[in-house]
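Counting convention: from 1, in listed order, for ligands and their atoms alike. FYI, side chains are in, hydrogens and waters are out, and symmetry mates aren't considered; it's all heavy atoms of this structure.
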Amino acid sequence: MATVGLRTRSRRSLARAGRRTNLAILLLVVGALLSGGLLFSAGTPGPATAARLAHGLVGVGLIVLVPWKTAIIWRASRLRVASLALLALVLTCLVSGFVQVFGGYGLLLGISPIQVHVGAALVLVFFLVVHAVRHWPVSLRRSDLSRRRLLTTGTFSVAAGAVYGAAELVGRVTGSPAATRLTTGSHPLAPADIPATIWLFDRVPDLDPSTHRVLVAGASLSRADLEALAGPVRARLDCTSGWYADATWTGVPLTALLDPDTLAAAASVEVCSVTGYSRRFPTDEASKLWLATRLEGRSLSAGQGAPVRLVAPGRRGFWWVKWVAAVELSDRPATLTPPFPLQ
Ligand SMILES: Nc1nc2c(c(=O)[nH]1)N[C@H]1C(S)=C(S)[C@@H](COP(=O)(O)O)O[C@H]1N2
Ligand SMILES: [Mo]
């Protein structure tokens with residue numbers, strides 16, 4: 001039997017590209033949406049790291065399939081606008097994802113790569129549904145699960161893992177921003193550069209720090225009351241929009257403000273903003289939740305949550321409720337909270 005050259009083999013492989021390539025791409029795009037959704041909603045670094053790794057691998061998997069998908073597109077007798085839009089959106093997601101990882105946190109025309117990435121992904125869902133409906137049903141064959149096919153899938157996964165590892169290595173060797181990011185994917189910022197960040201649609205409220213009061217389990221406290229009890233706390237603010245900052249805040253732990261017996265009897269502690277934004281924590285986290293009035297010694301700015309905001313070391317940024325109005329103990333378990341606020 002004559003050995004077949006690598007070039008001939010890859011040419012044949014590309015010529016066979018079709019149903020299975022498309023199926024793999026469908027699975028990878030769905031996987032990207034799921035892992036991206038998990039990464040967005042993970043409240044702590046552990047799950048965020050797992051989701052980030054899965055998201056990166058799936059993204060690289062899509063890139064590995066580019067030659068095969070190109071062969072399919074090249075052969076297609078006609079290309080529909082909706083399909084081309086879907087293609088453009090997938091490419092936008094891939095490119096913005098790479099810019100975020102290797103370019104670091106930055107804004108171009110006031111927009112960050114992650115905003116482009118998430119925005120394109122949301123629009124993509126619509127075109128993905130159109131595309132899937134048009135090509136429905138996806139034909140599955142018994143041979144798709146044959147040993148040979150599983151071997152191909154395994155080889156493909158190893159290739160994706162290798163490309164991922166190589167990209168990570170290149171990022172490090174070249175000293176790109178990818179080298180200094182956290183396992184959650186966030187890039188470092190100095191405390192002075194912390195941007196005022198809105199989760200989705202919240203608004204900076206107009207508050208007077210000298211008259212504002214925070215209700216802590218019914219007790220009304222002024223900023224001066226809180227500052228009288230406050231001390232320094234080092235914490236890492238890690239925002240899902242792709243940056244983090246290690247900084248010193250000035251605050252009071254909730255355990256210093258709440259009666260220990262009442263706290264022990266409750267199931268959760270809810271921290272509410274004047275805007276309606278709120279987060280519910282398990283009561284055993286109360287000693288790690290701080291009502292803060294200062295950042296690096298300076299009073300908070302309006303955008304940073306003045307006069308009082310939550311500092312929640314170990315929780316991702318969207319748990320750090322700004323413009324705190326009340327801290328309430330309740331019988332409701334902390335698990336009965338949506339993963340993230342809808343405002
Ligand atoms: N009330 C309220 N609190 C909020 C937000 C918000 O939109 N509304 N954004 C959260 C997000 S996503 C982050 S990352 C941090 C950002 O804090 P910063 O504005 O000081 O950077 O605040 C959190 N607290
Ligand atoms: Mo955030």
Side-chain angles (χ1 to χ4, degrees), residues 36-45 47-49 51-52 100 105-107 110-119 181-182 184-207 209 212 214-215 233-251 254 269-281 288-328 337-343:
L38 283 176
L39 178 50
F40 188 72
S41 54
T44 50
T49 300
R52 198 268 305 167
Q100 168 66 28
Y105 177 79
L107 300 178
I111 301 176
S112 73
I114 286 212
Q115 284 170 319
V116 174
H117 189 77
V118 175
R181 74 203 202 281
L182 293 183
T184 57
S186 299
H187 296 284
L189 279 187
D193 298 330
I194 293 177
T197 306
I198 290 296
W199 172 245
L200 296 175
F201 321 105
D202 213 6
R203 285 272 165 86
V204 179
D206 191 12
L207 297 177
H212 182 74
V214 182
L215 277 177
V233 50
R234 280 295 288 177
R236 172 167 292 172
L237 172 52
D238 180 4
C239 175
T240 22
S241 67
W243 56 267
Y244 79 93
D246 290 326
T248 305
W249 304 77
T250 309
L254 291 188
V269 52
E270 190 178 14
V271 181
C272 314
S273 170
V274 298
T275 63
Y277 187 105
S278 82
R279 295 276 73 203
R280 187 183 293 277
F281 300 84
K288 291 182 278 171
L289 300 175
W290 309 67
L291 287 182
T293 51
R294 291 170 182 274
L295 167 59
E296 300 285 319
R298 246 169 289 153
S299 290
L300 298 176
S301 66
Q304 282 165 342
V308 182
R309 76 164 310 155
L310 193 69
V311 165
R315 290 268 183 175
R316 295 209 77 190
F318 67 88
W319 287 81
W320 296 42
V321 179
K322 300 194 275 194
W323 315 293
V324 174
V327 176
E328 290 162 8
T337 332
F340 50 80
L342 286 174
Q343 71 183 75

Is a side-chain donor or acceptor of [X] paired with a backbone partner of [Y] at a separation under 3.5 angstrom?
X	Y	answer
E270	R279	no
H187	Q100	yes
K288	R315	no
W323	A302	yes
S186	L182	no
Y244	R181	no
W320	V311	no
Q343	T275	yes
K322	G303	yes

For ligand 1, which atoms have a heavy atom of [X] less than 4.0 angstrom away?
X	result
T275	1 (N)
I194	20 (O), 21 (O)
I198	7 (O)
W243	21 (O)
S273	1 (N)
G303	19 (O)
Q304	20 (O)
A196	19 (O)

Subject >> D206 atom CG, neighbour heavy-atom count above 12 within 6.0 Å >> reply: no

Original post:
So does R234 have more than 12 non-hydrogen atoms from other groups sitting under 6.0 Å from CZ?
Top reply: yes

To the nearest 0.1 Å, how far is [atom] from its closest protein heavy atom, and which atom is that?
atom	result
atom 9 (N) of ligand 1	T197 O, 3.2 Å
atom 24 (N) of ligand 1	W320 O, 2.9 Å
atom 12 (S) of ligand 1	W199 CE3, 3.5 Å
atom 23 (C) of ligand 1	G317 O, 3.2 Å
atom 3 (N) of ligand 1	K322 N, 3.0 Å
atom 8 (N) of ligand 1	D202 OD2, 2.7 Å
atom 6 (C) of ligand 1	Y277 CE1, 3.6 Å
atom 21 (O) of ligand 1	P195 O, 2.6 Å

Looking at ligand 1, would [X] count as a contact under a 4.0 Å heavy-atom criterion?
X	value
F201	no
R316	no
G305	no

**OP:** Measure the acute angle between the ring planes of F40 and W199, then classify it against the limits of 30° and 60° as parallel, tilted or perpendicular.
**Re:** parallel

Subject >> Within reach of ligand 1, part of P341 (heavy-atom separation under 4.0 Å) >> reply: neither

Give yes if a backbone or side-chain nitrogen or oxygen of [X] is under 3.5 Å from a nitrogen or oxygen of ligand 1, and no if not.
X	value
R309	yes
L200	no
W323	no

Original post:
Could you go step by step and tell me if T197 and W243 meet the side-chain contact (heavy atoms from CB on, under 4.5 Å) rule?
Top reply: CA-CA 11 Å; T197 306; W243 56 267; 3.4 Å; yes

Original post:
V233 and T248: side-chain contact (heavy atoms from CB on, under 4.5 Å), yes or no, with the steps?
Top reply: CA-CA 5 Å; V233 50; T248 305; over 6 Å; no

